Participant: 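Input: one structure, supplied below.
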Amino acid sequence: MIDSTTGKKLVVQISEDGEPYLEVPDWNDADFLEDELGDTYDIIYNYINREGFEGTIYVFGSVADPVKLQEIIDKVNFDV
């Protein structure tokens, strides 16, 4: 998925706790992604807040495979 604000690819990252997470800076992108993750792929996630970050941060849990998550995120196409 490409961030509609920056034009950059959204990349799954790994937290210090070993959990895959994804930062989505744009609220419209986040809403669309939530629909795709839940309705299309049945992926469970949580949100976290980080001071200074205005978007949505999704955390997928330590058992989630970051490579597979990235493959799924790359398939999501949000055309405004």
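Since the model is a prediction, treat every value here as computed from it, not as a measurement.
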Participant: Hey, does the side chain of D17 reach the backbone of E19 with a donor-acceptor pair shorter than 3.5 angstrom?
Facilitator: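 Checked: no pair found.
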Participant: Taking all heavy atoms of I57 and all of E23, pick out the closest pair and write down the distance.
Facilitator: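 I57 and E23 have their closest heavy atoms at CG1-CG, 4.0 Å.
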Participant: Output the distance between atom OG1 (T56) and atom CD1 (I48), rounded to the nearest 0.5 Å.
Facilitator: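 Going from the OG1 atom of T56 to the CD1 atom of I48 covers 11.0 Å.
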Participant: Starting from V76, can I reach V24 by hopping between I/L/V/M/F/W/Y residues whose side chains sit under 4.5 Å apart?
Facilitator: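 Yes.
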Participant: For residues M1 and L33, report the shortest heavy-atom separation together with the two atoms involved.
Facilitator: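 Scanning both residues, the minimum pair turns out to be SD-CD1, 4.0 Å.
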Participant: Looking at T5, is its backbone amide N or carbonyl O close enough to the side chain of D26 to form a donor-acceptor pair, meaning the two atoms are under 3.5 Å apart?
Facilitator: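 Not a single qualifying donor-acceptor pair exists.
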Participant: Rounded to the nearest 0.5 Å, what separation is found between the CG atom of L22 and the CG atom of L37?
Facilitator: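 It is 8.0 Å, given to the nearest 0.5 Å.
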Participant: Roughly how far, to the nearest 0.5 Å, is the CG atom of L69 from the CD1 atom of I43?
Facilitator: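 Atom-to-atom, I43:CD1 and L69:CG are 5.5 Å apart.
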Participant: When rounded to the nearest 0.5 angstrom, what distance separates CZ in F60 from NZ in K68?
Facilitator: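 Between F60 CZ and K68 NZ, I get 15.0 Å after rounding to 0.5 Å.
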Participant: Just wondering, do S4 and N28 contact through their side chains at under 4.5 Å, heavy atoms?
Facilitator: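 No, their side chains stay 4.5 Å or more apart.
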Participant: Tell me if the aromatic rings of Y47 and Y58 count as close, with their centers under 6.0 Å from one another.
Facilitator: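 Centroid separation for Y47 and Y58: below 6.0 Å.
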Participant: Same cluster or not: are F53 and V59 linked, directly or through other Ile, Leu, Val, Met, Phe, Trp or Tyr residues, by side-chain heavy atoms under 4.5 angstrom apart?
Facilitator: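 Yes, because F53 and V59 connect within a single hydrophobic cluster, where side-chain heavy atoms sit under 4.5 Å apart.
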Participant: Measuring from Y41:OH to I73:CD1, what's the distance to the nearest 0.5 Å?
Facilitator: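 These two atoms lie 8.5 Å from each other.
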Participant: Which atom names give the shortest non-hydrogen contact between V12 and P20, and what distance separates them?
Facilitator: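 Smallest heavy-atom distance, with atoms named: CG1-CB, 3.8 Å.
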Participant: Taking the side chain as every heavy atom from C-beta outward, state whether D3 and P25 have any atom pair closer than 4.5 Å.
Facilitator: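 SC-SC contact between D3 and P25 confirmed.
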Participant: Can you tell me if E34 uses its side chain to pair, donor with acceptor, with the backbone of D39 under 3.5 Å?
Facilitator: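 It does not hold such a pair.
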Participant: State, to 0.1 Å, how close E54 and W27 come at their nearest heavy-atom pair, and which atoms those are.
Facilitator: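 Answer, listing the atom of E54 first, then W27: O-CZ2, 2.8 Å.
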